[in-house]
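Please read the structure below before turning to the comments.
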Amino acid sequence: MGKIKTIGILTSGGDAPGMNAAIRAVTRSGIYNCFNIKGIYRGFDGLIKGEVKDFTTENVSGIITKGGTILKTARSKEFMTPEGRQKAYETCQQQGIDALVVIGGNGSLTGAWNFGVEFDFPVIGLPGTIDNDLYGTDATIGYDTTMNTIMECVDRIRDTANSHERIFFIEVMGRDAGFLAQNCAIACGAEAAIVPEEATDVDQLAAFMGRGIRKSKKSCIVIVSESPKCGALYYADRVKHEFPEFDVRVSILGHLQRGGSPSARDRILASCMGVGAIEAIKQGQRNVMVGYRMNEIVYVPFTECIRTDKRFDKRLINVLDELSI
Ligand code: F6P
């Protein structure tokens, strides 16, 4: 492949606050460094269908403050097939796109990696997901904003929990990961967190009730990671049966966690990562995710960030336990 002149950018998977800041950064840094930038709409579906538009600096004006993604997003089933990826490659050829920047979570970066390998195509990933479950970066774009959103909601629910002396099970997103639940529990001064990383080791409800939390407290907040079988409703139901003396309520925060204007931290992270993506292309890197570790931009091969599980710091469980007495 010759010199890269035109870079396509797309967002894929669940939207995350800060994706727009990343689109802006890739576009502006790309133009600053003399590349042409093309915005691809609706994720990989849009790449397959040729939904592509030339981007100038004006296309990304005023978007750093906005949640969601101006490029729209999708979870593309077609891109999971070799035929779908072939069509996407044909769009790149027709549009003169010779490198891609993909902003998304694990599934999106897996698709990006397959595409890069199959067509020997330069692809750079940016970790855009509220779940923070990508290996190789301390934080993903959207995680900080979502933690702040959850914290605000839980602070409000705490008023009712206190006033009525209730146990609240509050369910948060995270897919299979407990980063949001555990850290938000600490940030909110919650009494417990129930996270998938502990699911097989202990009965987290029994452990928490066994600590006799109600001896010193009249109300409590338990943050629960979403789970098809063992979410907040499951635990609330168990308390109703196993500890009928308690007044229990459930709040499932749902998609309100993903929306809203990005925090300063997410805007800065996304901006630095966007500039990092263009730098990676200039250096001739491919099939890497831009990460941020110990205050520095790093490049993590897709092979590593997709295949390796991000370590869940179990010391955070102790922090919460000690502080919730
Ligand atoms: O990956 C981000 C995420 O918000 C997860 O936390 C959640 O499980 C999932 O996406 C929800 O996806 P959807 O918006 O497609 O229902």
Side-chain angles (χ1 to χ4, degrees), residues 7-33 35 37-43 46 51-75 100-105 108 124-132 134 137-156 172-174 179-180 183-184 187-188 253-279 289-292 295 297:
I7 301 167
I9 175 167
L10 62 85
T11 48
S12 169
D15 61 291
M19 279 185 164
N20 282 327
I23 295 167
R24 172 181 177 270
V26 171
T27 303
R28 296 228 164 140
S29 174
I31 292 170
Y32 180 88
N33 285 285
F35 293 105
I37 302 294
K38 296 201 177 201
I40 299 156
Y41 286 80
R42 296 177 185 80
E51 294 184 52
V52 179
K53 185 172 159 182
D54 289 332
F55 261 29
T56 64
T57 55
E58 284 74 31
N59 288 96
V60 295
S61 286
I63 67 170
I64 195 167
T65 60
K66 293 189 171 30
T69 158
I70 60 154
L71 286 175
K72 317 289 181 196
T73 187
R75 299 189 194 279
L100 274 181
V101 175
V102 173
I103 308 170
S108 305
I124 306 294
L126 295 194
T129 166
I130 64 165
D131 301 336
N132 198 31
L134 276 162
T137 187
D138 294 341
T140 55
I141 297 166
Y143 176 57
D144 182 67
T145 308
T146 296
M147 280 198 294
N148 282 295
T149 303
I150 293 171
M151 191 177 71
E152 222 174 272
C153 294
V154 175
D155 286 353
R156 285 164 194 254
V172 301
M173 282 184 170
F179 299 101
L180 278 174
N183 282 304
C184 287
C188 299
L253 298 187
H255 284 84
L256 71 78
Q257 296 164 88
R258 283 221 307 247
S261 180
S263 64
R265 191 176 276 263
D266 271 331
R267 294 181 197 192
I268 296 164
L269 182 70
S271 299
C272 293
M273 285 181 165
V275 170
I278 297 298
E279 180 58 33
M289 180 192 82
V290 182
Y292 200 67
N295 291 328
I297 288 289

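Using modelled atom types, one side-chain atom of Arg258 and one backbone atom of Asp15 make a donor-acceptor pair closer than 3.5 Å. Side-chain atoms of Thr129 do not come within 3.5 Å of backbone N or O of Ala16 as any donor-acceptor pair. For Thr27 (side chain) and Thr57 (main-chain N/O), no donor-acceptor pair under 3.5 Å exists by modelled atom type. Using a distance-only test at 3.5 Å, with no hydrogens or angles considered, no donor-acceptor pair links the side chain of Arg24 to the main chain of Ser271. Proximity of a side-chain donor or acceptor of Asn59 to a complementary backbone N or O of Thr56 within less than 3.5 Å is detected. A distance-only check finds no donor-acceptor pair linking the side chain of Glu51 to the backbone of Arg42 [under 3.5 Å]. A donor-acceptor pair under 3.5 Å links the side-chain atoms of Asn20 to the main chain of Lys66, judged by distance alone. Counting only distance, with no hydrogens or angles, the side chain of Asp266 and the backbone of Gly18 share no donor-acceptor pair below 3.5 Å.
Nearest heavy-atom pair, Pro127 versus Leu134, reported as atom, atom and distance to 0.1 Å: CB-CD1, 3.6 Å. Considering all non-hydrogen atoms of both residues, Ser12 and Ala74 come closest at OG-O, 3.7 Å. The minimum heavy-atom distance between Thr65 and Ser261, with the atom names listed, is O-OG, 2.6 Å. Heavy-atom minimum distance, Cys153 versus Leu256: SG-CD1, 3.6 Å. What you find for Asp144 and Ser263 is that their closest heavy atoms are OD2-OG, 2.6 Å. When every heavy atom of Met273 is checked against every heavy atom of Ala139, the shortest pair comes out as CE-O, 3.9 Å.
Atom CG of Leu71 is separated from atom CD1 of Ile63 by 7.5 Å, given to the nearest 0.5 angstrom. Between Arg28 atom CZ and Ile37 atom CD1 the span is 12.0 Å, to the nearest 0.5 Å. In this structure, Leu10 CG and Thr73 OG1 are separated by 8.0 Å, a value rounded to the nearest 0.5 Å. Here the OG1-OH distance, from Thr69 to Tyr41, works out to 9.0 Å after rounding to the nearest 0.5 Å. Between Ile7 atom CD1 and Lys38 atom NZ the span is 12.5 Å, to the nearest 0.5 Å. Atom CG in Leu126 sits 5.0 Å away from atom CD1 in Ile141 (nearest 0.5 Å).
Between Ile130 and Met173 there is a side-chain heavy-atom pair separated by less than 4.5 Å. Annotation: side chain of Tyr143 is in contact with side chain of Asn183 (closest heavy-atom distance under 4.5 Å). Tyr292 is listed as a side-chain neighbour of Thr137, based on a closest heavy-atom distance under 4.5 Å. Contact of the Ile9 side chain with the Ile103 side chain is registered, since non-hydrogen atoms from C-beta on lie closer than 4.5 Å. For the pair Arg265 and Asn148, the minimum side-chain heavy-atom distance is 4.5 Å or more. Two residues are said to be in side-chain contact when any heavy atoms from C-beta on lie closer than 4.5 Å; Ile278 and Tyr32 fail this criterion. Contact annotation: the side chain of Phe55 never approaches that of Val26 to less than 4.5 Å [non-hydrogen atoms, C-beta and beyond]. In this structure, Ile297 and Val290 have side chains that are in contact, with non-hydrogen atoms separated by less than 4.5 Å.
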